Amino acid sequence: TSNQMWGGRFAAGPDAIMEAINASIGFDKRLAAQDIAGSRAHAAMLAATGIVKASDAEAMREGLLTVLSEIEGGDFAFSAALEDIHMNVEARLKEIVGPVAGRLHTARSRNDQVATDFRLWVRDQLDAADAGLTALIRALLAQAEAGADWVMPGFTHLQTAQPVTWGHHMMAYVEMFGRDRARVRDARARMNESPLGAAALAGTSFPIDRHMTAEALGFDRPCANSLDAVSDRDFALEFLSVASISAMHLSRFAEELVIWSSAQFRFVALSDRFSTGSSIMPQKKNPDAAELIRAKIGRIFGAQVALMTVMKGLPLAYSKDMQEDKEQVFDAADNWLLSLAAMEGMVGDMTANRDALEAAASSGFSTATDLADWLVRELDLPFREAHHVTGSLVALAEGRGCDLPDLTLADMQGVHGSITEGVFDVLGVRNSVASRTSYGGTAPERVREQIARWTDLLD
Ligand code: ARG
């Protein structure tokens with residue numbers, strides 16, 4: 001038997017393989033709530049504009065609520081023969097309210113319907129990501145506040161560079177996740193236009209009110225071009241792009257946590273709640289959550305490349321290719337939100353090892369730049385010469401197997417005669433970080449200002 005929604009011109013139903021490649025119900029059932037909200041708004045508009053009778057619209061709107069509660073209650077038989085969520089919902093509505101259900105699709109197509117549903121779904125995910133990022137930022141602020149003046153090594157090339165503070169390092173991620181949050185908000189504002197009423201591609205001759213449905217669904221306005229409304233998926237691509245950048249930030253931080261929690265670093269201890277053990281090595285406590293977050297960027301970025309590739313050659317307007325948008329976005333959204341929650345949990349629970357951080361900061365000649373700066377400031381050496389003198393002192397200490405503060409004044413003067421006792425003041429790591437008071441620098445007072453700024457911003 002042919003399809004009850006479009007089978008008029010068909011003598012035979014689809015081959016089983018055709019049904020298998022065509023049906024999207026296996027995944028687009030996740031759009032049920034959005035689909036029903038869109039249909040309820042559409043029905044109300046059809047009544048308000050006199051396109052259907054108010055009593056018919058009311059029956060459809062009530063019936064749609066019944067369908068929704070059946071789906072939410074797990075009490076709904078999804079049918080692959082009905083292809084997708086749109087036709088599954090409408091077919092069930094017809095069983096509940098009778099032939100009047102056939103009026104729901106007046107002045108509408110599945111093309112504007114799916115574009116509307118999917119925008120609503122993506123918009124919800126952006127709001128969830130906003131909340132997830134905000135929670136993560138708060139967890140980082142708490143870490144930063146606790147250790148605003150704890151000293152740790154700052155790295156370039158993963159080689160000891162200059163001492164920084166724990167708070168400063170945490171606040172670097174606050175800046176990154178803060179930009180992610182801003183990107184989420186930008187994307188939301190840009191995508192918040194309603195495709196509903198674009199119909200198949202050309203608009204409709206019925207006197208519909210697209211502003212009414214747009215407003216009912218929380219959109220800022222209707223999409224201005226019906227061809228664009230049904231064929232655009234850049235809202236989904238922008239979502240994936242924002243998710244990719246944010247997942248990349250999560251992945252970098254996860255990589256640091258993997259390194260920091262190793263026995264060789266011991267910078268942090270992850271909580272038992274966010275670690276796993278080994279079935280053979282009893283001593284192991286593995287940072288699996290961090291590793292999985294590090295890996296998730298692979299599939300999220302993959303989703304972006306996949307959908308970009310699906311879209312890149314499609315002529316206007318709708319093509320069935322576009323049905324392939326959903327699984328990529330669903331998977332990316334699930335994994336991004338899960339990663340945000342896992343990172344928030346790990347950061348909230350982790351304990352920084354203040355002593356290990358400071359000890360690591362004090363090795364590797366991390367205050368060599370402070371020494372060179374001192375030579376410039378106190379002895380008026382040109383920086384290049386100060387750099388050279390300091391290099392010689394580092395080589396001397398390295399040869400002796402000691403750190404810069406372990407050299408004697410006589411050692412120092414052997415390299416440059418004018419060096420005085422005062423030089424030892426700048427060789428300690430605490431002095432080093434305290435001195436970096438330039439705007440955005442690592443000095444604890446600067447870090448505390450940034451913590452206060454972010455705390456205000458979130459409240
Ligand atoms: N399941 C389809 C999708 O996800 C809905 C739109 C179908 N439209 C059509 N003209 N076949 O894209």
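Not measured: the values here are computed from a predicted model. Positions are given from 1 along the sequence. Whatever order the structure lists them in is the order used to number ligands and atoms, beginning at 1.
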Could you tell me the residue and atom name of the protein heavy atom closest to [atom], and the distance to it rounded to 0.1 Å?
atom                    : value
atom 11 (N) of ligand 1 : R110 NH2, 3.6 Å
atom 8 (N) of ligand 1  : N111 OD1, 2.9 Å
atom 7 (C) of ligand 1  : Y318 OH, 3.5 Å

Test item: V429 and S366 side chains (from C-beta on) under 4.5 Å apart, heavy atoms: yes

Ligand-side contact atoms (ligand 1) for residue partner [X], heavy atom cut-off under 4.0 Å:
X    : result
S24  : 1 (N)
D84  : 1 (N), 2 (C), 5 (C)
Q323 : 1 (N), 2 (C), 3 (C), 4 (O), 12 (O)

Hey, would you say the F239 and W121 ring centroids sit under 6.0 Å apart? no

Taking the six-membered ring for Trp, are H169 and W260 closer than 6.0 Å centroid to centroid? yes

Does D130 pair with R188 as a salt bridge, N-O distance under 4.0 Å? no

Quick one: does K326 get within less than 4.0 Å of ligand 1, heavy atoms only? yes

Would R30 pass as a cation-pi partner of F330, given that its NZ or CZ must be under 6.0 Å from the six-membered ring centre and within 45 degrees of the axis? yes

Main-chain N/O of V433 paired with T442 side-chain donor or acceptor, under 3.5 Å: no

